[in-house]
Peer 1: 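A single structure is presented below for examination.
Start at 1 and go down the list; that is how both ligands and their atoms are numbered. Because the structure is a prediction, the values reported are computed rather than measured.
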Amino acid sequence: MPTYSHSKLSAFESCPRKYKFKYIDKIKVEGYDTIEAFLGSRVHEALEKLYRDVLMTKIPALEEILQFFDTDWERNWHSGVEIVRKEYSAEDYRNLGRSCLRSFYQRYHPFDQDRTLGLEQSITFPLIGPPGRGKKTSPVYIRGYIDRLAITPEGAIEIQDYKTSRHLPSRSEVDADRQLALYQIAVTKRFPEAKKIRLVWHYLVYDQRLVSTRTSEDLEVLKGETLELINEIESQTEFAPTETALCNWCEYIDICPAHRHLFEVEKLPPEKFKHNDGVKLVDSYAQLTEKKREVERELEETREQIIKLAREKNLTRLVGSDRQLRISLFEDYHFPPANDPQWQVLEEMIRGAGKWEEITSVSHPKLKSIMKKKSWPEELWSKVKEFTGIKEGARLYLSRKRGEK
Ligand code: SF4
């Protein structure tokens, strides 16, 4: 059965190629961990221990929790933990973890604001969209883990999540968060009598508790959007890499088509580097592109001089050594650009005269864009697809290598 999680969906949104490596090709990079993920796991485990003790009516001392964190850190530490931000050491991250736990402990001690209903709760539920939206054929399932499920004395159920991220989200980001809202769908089913369900994030680095709620209408919209995203994933064939600053944290960077060549040639001695096929071709492409730009600049300047001369001397033909140039000087209509309010007025006028069809037609670029975005109804999209072939294409973008000026 097709099963998705919030992190699986996010992987696709952030980079389809990473999604393919991880979830389709199932490539495992043994021993790879980022320090951020490692820190997050250790803090989660310490907070899980804290609330397990509280469930047993034992309130552990802060020192005990910090000791648990330190032991867990040492027991799990391995050489594959990657620190991307080189200005910080592993010890800095460990201290950050301790600081998160200390401020959480001090804020909530003696942990009697609510009662725990579940810790590291695994949930799986079928995602059924509202009529007319999203997937209609085979069911898909959503899977996830709730860090802590709690009930307050007033009977509100809280879906709590711990974050050790250094990004503190804005109100609008929190209100649009998908992860806990998806979990709410499962919690609503499990606790149909719940008076209120709250989504709660503990941003531990900032000692902030952020809260958001969703109405049942919000959840219906979310179901539809999530199913549409799943449809998009399942109809993907390309899985193009999306390069962002997050590539530095990607475990697939050395096999990724966007970075693999750099990794291969970086290891080469200078002589072999210069003779690498890819290096030679890029160097040659860069030189030719520069030459082309120069020639285009010169060509444009020469063109302007020719037109100037032709106008001054009232000539329509100039002769060279073995070529001649015919110059056609003319006047043409000029219209305001499409984003100019004047254009809107003009468009309305032409439409009103019933002549709009004469100047508009379906253009190939527009049709291609619609097919890629799938913004037309599925039925129409499928019919148009019957007339559509697939042609291989390529574009080249020349830029400076990362870190070079
Ligand atoms: S390195 Fe970047 S572009 Fe390549 S798969 Fe990872 S996230 Fe995507």
Peer 1: Would you indicate whether the side-chain heavy atoms of Val81 and Thr34 approach each other to under 4.5 Å?
Peer 2: no

Peer 1: For Glu63, give me all partners under salt bridge (Lys or Arg N to Asp or Glu O under 4.0 Å), at least two apart in sequence or on another chain.
Peer 2: none

Peer 1: At a cut-off of 2.8 Å, list the protein N/O/S atoms near atom 8 (Fe) of ligand 1, residue plus atom name.
Peer 2: Cys15 SG

Peer 1: Looking only at side-chain N and O atoms, does Ser328 offer a donor or acceptor that is under 3.5 Å from a partner on Arg326?
Peer 2: no

Peer 1: Got the closest protein heavy atom to atom 1 (S) of ligand 1, with its distance?
Peer 2: His259 CD2, 3.6 Å

Peer 1: Test of understanding: with ring-ring contact (aromatic ring centres under 6.0 Å, His included), list the residues that count as partners of Tyr206, not counting sequence neighbours.
Peer 2: none

Peer 1: The criterion is side-chain contact (heavy atoms from CB on, under 4.5 Å); which residues satisfy it with Leu346, sequence neighbours excluded?
Peer 2: Phe335, Trp343, Met349, Ile350

Peer 1: Are any non-hydrogen side-chain atoms of Ile306 and Ile327 less than 4.5 angstrom apart?
Peer 2: yes

